[in-house]
Protein chains: 2
Amino acid sequence: MNLKELSNLLGLSQTTISRALNGYPEVNATTRARILKAAEETGYRPNRAARRLATGKAGSLGLVMPVTAEQPMDAHFAEFQSGLADECLRHDFHFTIMPAKPQEEEQAIRDLVSSGAVDAYYLAYMREKDPRIAMAQSLPIPFIVHGRSLGLAEDYPYLDVDNEEAFAEATRYLLSLGHKRFALLNGPFDLDFARRRRAGVEKSLAAVGMSLPPEHVSSTLMTDANGFQHMMRFLEQGSRPTAVLCASTVLALGAVRAIRQAGLEVGKDISVIAHDDDLLLLKPEHFSTPLTTTRSSIREAGRRIAERLIAAVKGDDTDAPQAELWRAEFILRASTGPAPS
Amino acid sequence: MNLKELSNLLGLSQTTISRALNGYPEVNATTRARILKAAEETGYRPNRAARRLATGKAGSLGLVMPVTAEQPMDAHFAEFQSGLADECLRHDFHFTIMPAKPQEEEQAIRDLVSSGAVDAYYLAYMREKDPRIAMAQSLPIPFIVHGRSLGLAEDYPYLDVDNEEAFAEATRYLLSLGHKRFALLNGPFDLDFARRRRAGVEKSLAAVGMSLPPEHVSSTLMTDANGFQHMMRFLEQGSRPTAVLCASTVLALGAVRAIRQAGLEVGKDISVIAHDDDLLLLKPEHFSTPLTTTRSSIREAGRRIAERLIAAVKGDDTDAPQAELWRAEFILRASTGPAPS
């Protein structure tokens, strides 16, 4: 059964059938139900090219991916894509990834939009006062920002985790355990989420008249090797921290190795809290000392962004919130304990 | 400077300029050099939509990604994409990912090709006698298989690691250390690479009249949790293995935890060798006992597949090998030692 045969069978145009089967709103409910029933009974499966012609849509979501020698795609992004893919599959969408050098991202977005290859797109790896947001607002197709951009009014659609509050809460908990010497293994400081996490730590410390010593802060790609190297440095410089916050469980993996290698015990000599994107690969409960975390699933964020973008493409997004700020869960495990006396 | 202005400036058609700037072969060398010089001097940057019109190419590589609840995209695939993205960027290509349920991959490939969204594509997650290969050969655009398919003649373009030889070599090394009780933590056994890895182990064991006990073989997704769980099982059932081969450093992460939790020492009580895809996230030299590995960069495989596909799209692939079989490096570290007496 092809589209033409189904069209003859039902006495409806191919365009109407395509629109109905793809959830576009121009078809009335009775007709839609009739079409869905016939498609099911005949085993008709729409052809993507025909659908594209009928709906005028590419059926694709886009992303510009920054590529540098130092910053390969990592596990966090893989899990994000995984959620995106799940949701795309449910709606018969695909997605298009345009790699770009960091300084050429704006042109890449223009190219992606003008190519017609995508119906909507999302912006990620946000920086402070990011010029991509104003540009995206001037372009003709829907977009969502994954994250936010400090220094700009929040008048754009976004989905973000409340990174500042997550790290403020973790810091308050460590303060309640009597810790006085803090360290922060952060992500790259040009990225918005890293700035907000640091701000969260500093806010809670400032509330009790304390601050982060600059020699106990790092801002690096979130790899195991960086976690190890910078934790080693923290242990060698100044007075040793007793509480360490990590922007990722991946950084924590290296940090814990450094702590153990120095003959110290996690949760006793040094308390560790990491942000957990809920990576399949690396579960905080499986660390030798299970990790206390702030958790927010990055896979779920990918799923939700796809859901919102597809709704926008289909004109179904009138009820969708413009802004979504997710609160991370605080999960207590064994890597945190009272400050050593 | 836009394409029209450059065309007027040079007295050449927009099509000729686009073809020259995108490396298509129809333009003679003198004209191409003149165009490149003018583009550089005027700062002209081609518009992707104009280029698509001029070349008739989408400028995109495609992949069908199997999506199941149990098998989210993982770190291995992320690193592969990272290499692919690097190479796409060098040639101003993007890539298109079509998620599909495993039983619907063939239709998804047809859809991807008929949509016109991609100029070439690659097949991955190969199974035994995989029907996608014959189908791909019947479709009109270039493709490459990442991996191979057991049971089919190798008359298709592919790039694969010699998985059988890698695991045969690792097993021979363990035999030379006097090991007699082997275990294998393998990937999903419906996938071609997992079958070949097991065949490699079995070949080397059979050569000395030995075999793998079925209770000491697992075939699972390559996650830390599966490595832990199945290594625990191996330690509890039958006579304890003294040599364990792992299909990924991610499986080895869990296996090493299980070994240590059982009060045993890696490299002394139990020798461990893992296949290392050279993941950024997880370096075998950073394990508490540095891991002996068979190594082949999955990122480099992604880069090479993009290079070959783009050459095929541009008609530049006359010299390209149809088949490429990469040999894994064997790298000795501290996780392997003489069989305990």
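Computation of the quantities below employed the complete heavy-atom set of this structure, encompassing side-chain atoms and omitting hydrogens, waters and symmetry-equivalent molecules. Lettering follows sequence order; numbering is per chain, from 1.
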> For the residue pair V67(B) and A85(A), what are the closest heavy atoms and their distance?
Replying inline: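 Reported closest heavy-atom pair: CG2-CB, 4.0 Å.
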
>> For the interface with chain A, which of K283(B), H286(B), Q261(B), R110(B) has the highest count of heavy-atom pairs at distances below 4.5 Å?
In response: H286(B)

Between [Y] and [X], is there a side-chain heavy-atom distance shorter than 4.5 Å?
X       : Y       : result
D224(B) : L282(A) : no
F93(B)  : P99(A)  : no
Q81(B)  : I97(A)  : yes

> Side chain, backbone, both or neither: which part of L279(B) has a heavy atom under 4.5 Å from chain A?
Replying inline: neither

> Quick one: what part of L253(B) sits under 4.5 Å from any heavy atom of chain A, side chain, backbone, both or neither?
Replying inline: side chain

Roughly how far, to the nearest 0.5 Å, is the [atom2] atom of [Y] from the [atom1] atom of [X]?
X      : Y       : atom1 : atom2 : value
M98(A) : C88(B)  : CE    : SG    : 10.0 Å
H94(A) : L63(B)  : NE2   : CG    : 12.0 Å
R90(A) : K101(B) : CZ    : NZ    : 10.0 Å

>> Take a 6.0 Å sphere around CZ of R260(B) and say whether it holds more than 12 heavy atoms from other residues, nucleotides or ligands.
In response: no

